[in-house]
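Shown next, in structure tokens, is the structure this report addresses.
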Amino acid sequence: MDARTFSQINGKPIVQSTGYATQPPLQRFLLQCHQDYVTDSSGAVADYIPELKKANPAHFGISLATIDGHVYDIGDSAVPFTIQSVSKAFVFALALELVGEKRVEAAIGVEPSGEAFNSIRLTSDNRPFNPMVNAGAIACSGLIHQVDGESAFDRIQEKLSQFAGRELGVDEDVHRSERLTGDRNRAIAWLLRNYAVVQDVDAVLDTYFRQCAMLVTARDLAIMAATLANRGINPVTGVRVISPYVVAKTLSVMTSSGMYDYAGEWVYRVGIPAKSGVGGGIVAALPSQLGLGTFSPCLDTHGNSVRGLKVCETLSARFDLHMLNRSADVRTCIIADYDISGISSRRSRQPHEQQILEDHRQDIRVIELIGALNFAAIDYVTRRLSSEPPAAPLLILDFRRVPDMTQAGARLLGENLAVLGKTGVTSILAGFEDQSPISAVIRASAGDETRLRRFVLLDDAIEWAEDQIIYRHGGFIQSKETSHLTDQMLLAELTAEQIQALAELSTPRHYDTGQRILGAGEPANSIFFLQSGMVSVKLASGVRLASLGPGMVFGEMAMIETERSADVWADTAVRCLELPLDAFSDYRNLNPQIGLQIMRNLSALLARRLILANAKVDLLSAY
Ligand code: GLU
């Protein structure tokens with residue numbers, strides 16, 4: 001669809017920049033909003049702070065920041081204006097972080113006041129109603145001042161700058177203007193002092209006025225909101241600005257009291273936690289989805305930006321964004337649930353080991369999880385674990401596709417693993433990085449006495465579980481063994497003399513632990529028979545294709561290809577025999593029957609690998 005048809009379909013002319021038709025739909029939608037509402041000049045700029053009267057009523061900017069850090073900017077999204085009351089949400093978050101919820105809650109309530117933002121009334125126990133009205137915000141600045149004294153504002157500036165992802169400045173004229181005229185706020189601050197909520201009135205008020213005079217753009221507000229929506233991590237800079245716990249508290253008061261005495265209507269109609277300011281800014285944060293920042297200085301009778309309000313209402317309605325309009329099917333969190341029949345680790349096993357694994361394949365259960373996991377999803381997983389006996393003694397849970405898990409979910413899982421542990425189940429967590437805080441919570445909830453193992457890679461976890469099964473059932477792990485060429489699968493069916501002849505063509509080699517034996521891209525001109533130790537075949541990315549032990553062959557693709565396709569590393573000290581390909585070819589020419597048998601053995605080895613690979617692909621496509 002080109003730009004012209006789009007404008008005709010909507011029945012009204014719209015201004016398009018070049019490439020309009022190729023812009024992402026959300027960009028086009030926001031542009032349309034801007035065009036629809038830019039003509040609305042109702043409302044009035046705030047004038048009770050004289051300097052705010054100078055605002056240009058024509059300014060109109062919209063920015064939307066996504067959770068993956070993309071920012072859509074429309075109109076005057078780079079025009080600076082004073083943050084005013086929007087700061088209250090972020091300073092509340094800072095106060096919670098700095099002095100803790102007990103002190104904050106002792107000083108400030110969380111009830112909507114039902115009155116104007118600058119009301120002088122307090123609750124019956126002499127606290128401000130909530131941190132989104134002036135009294136509560138001044139009390140918040142007071143708490144920070146109690147910790148930091150004169151540098152309280154520096155702390156606020158630093159924190160809000162982290163939220164925005166850039167250094168935020170102050171409009172000194174607006175600050176001065178409010179300091180000279182802000183008698184109502186002064187009255188509030190003295191009242192708070194009377195109830196010992198605030199001590200140094202002048203210093204606290206100056207901090208508060210300064211925080212309100214900080215300069216932001218619609219883009220800044222969008223990123224600040226997206227940081228809240230992203231559980232406290234700024235999605236543009238990647239910096240953790242605030243804890244998820246504080247985010248939830250902040251969004252709560254934004255929801256109940258963020259939009260002045262329009263808050264109830266706002267939740268009902270828009271349903272996105274938000275805060276507005278008399279400078280014309282609105283910040284709106286929809287958890288796990290987006291952050292929105294709008295700027296347009298003309299305000300309605302409640303003090304909310306007229307155009308900003310419309311943008312929010314339209315966006316929410318158009319994309320079904322009301323926070324209470326959610327659904328989720330927790331059953332999709334398990335992408336695969338299997339035992340190890342046909343799905344072994346990439347470690348090649350000796351026939352006797354394979355037999356043990358085959359006989360006890362149901363002793364290892366692997367559950368692969370996907371998506372952000374909350375309490376409901378984990379509850380479902382725990383029920384799946386207990387409702388489908390018999391319990392496998394080795395349970396592997398793979399989290400590599402799980403970007404996030406709530407604390408509650410992690411605790412629930414830990415508790416469940418503890419219960420399973422008491423029945424003899426060893427749980428193995430795969431897919432967590434070494435320092436993962438989520439796996440730490442799972443471990444802590446499982447308790448010290450619960451046997452829990454952790455691996456970064458699922459394949460390593462399966463290999464470890466296989467080793468346990470082999471040990472438990474009397475097998476031995478091959479790396480400690482020494483093998484003779486007669487054990488070589490590639491040389492199966494050959495006579496002792498024929499094998500001896502091949503041995504004489506070969507050269508003994510030794511490698512130290514960690515040494516690279518072969519490199520991808522090198523000419524493939526020999527085959528290695530592993531006699532003792534372990535090697536891994538790996539791609540340059542570090543992904544392991546196979547681990548091999550005594551009795552196995554590597555570099556055997558040289559019989560088919562001219563270049564090595566992967567690296568081979570010595571995992572332990574390694575002893576092997578290297579058979580040069582040209583000597584082997586001469587031998588094959590002289591003994592065509594033997595050559596044929598070896599090629600047959602090679603085909604069998606490759607077929608086994610293919611069957612395993614197919615089983616893995618099949619497993620995932622079946623879910
Ligand atoms: N600095 C302003 C005041 O305290 C902020 C008001 C607002 O944005 O709601 O009056």
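Atoms within each ligand, like the ligands themselves, are counted from 1 in listed order.
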Enter the distance from Leu26:CG to His70:NE2 here, rounded to the nearest 0.5 Å. 8.0 Å

Would you check if there is a donor-acceptor pair between the side chains of Tyr262 and Asp300 at a distance under 3.5 Å? no

In terms of atom number and element, which parts of ligand 1 are under 4.0 angstrom from non-hydrogen atoms of Gly277? 8 (O)

Indicate the ring-plane relationship of Phe295 and His59, choosing parallel, tilted or perpendicular according to the 30° and 60° boundaries. tilted

Just checking, any donor-acceptor pair under 3.5 angstrom between side chains of Gln146 and Arg103? yes

Give the residue and atom name of whichever protein heavy atom lies nearest to atom 10 (O) of ligand 1, and the separation in Å to one decimal. Tyr48 OH, 2.4 Å

Contact between Asn118 and ligand 1, counting heavy atoms under 4.0 Å? no

Could you tell me whether Arg307 and Asp40 have a side-chain N and a carboxylate O separated by less than 4.0 Å? no

Which atoms of ligand 1 sit under 4.0 Å from any heavy atom of Cys212? 1 (N)

What residue and heavy atom of the protein are closest to atom 4 (O) of ligand 1, and at what distance? Tyr208 OH, 2.6 Å

Give the atom numbers and elements of ligand 1 that come within less than 4.0 Å of a heavy atom of Asn185. 3 (C), 4 (O), 10 (O)

Just which atoms of ligand 1 are under 4.0 Å from any heavy atom in Asn134? 3 (C), 4 (O), 10 (O)

The option among His175, Gln84, Glu178, Gln211 carrying the non-hydrogen atom nearest to atom 3 (C) of ligand 1 is Glu178

Could you check atom 7 (C) of ligand 1 against the protein and tell me its nearest heavy-atom contact, residue, atom and distance included? Ser85 OG, 2.5 Å

Considering only NZ, NE, NH1 and NH2 on the basic side and carboxylate oxygens on the acidic side, decide whether Arg400 and Glu368 come within less than 4.0 Å. yes

Check each of Leu412, Thr406, Asp404, Asp379 against Asn374 using the side chain to side chain contact (heavy atoms under 4.5 Å, CB included) test, and report the only one that passes. Thr406

Short N or O distance, Val278 and ligand 1, threshold 3.5 Å exclusive: yes

Any donor-acceptor N or O pair under 3.5 Å, side chains Asn118, Asn134: no

Heavy-atom contact check, 4.0 Å cutoff: does Tyr260 meet ligand 1? yes

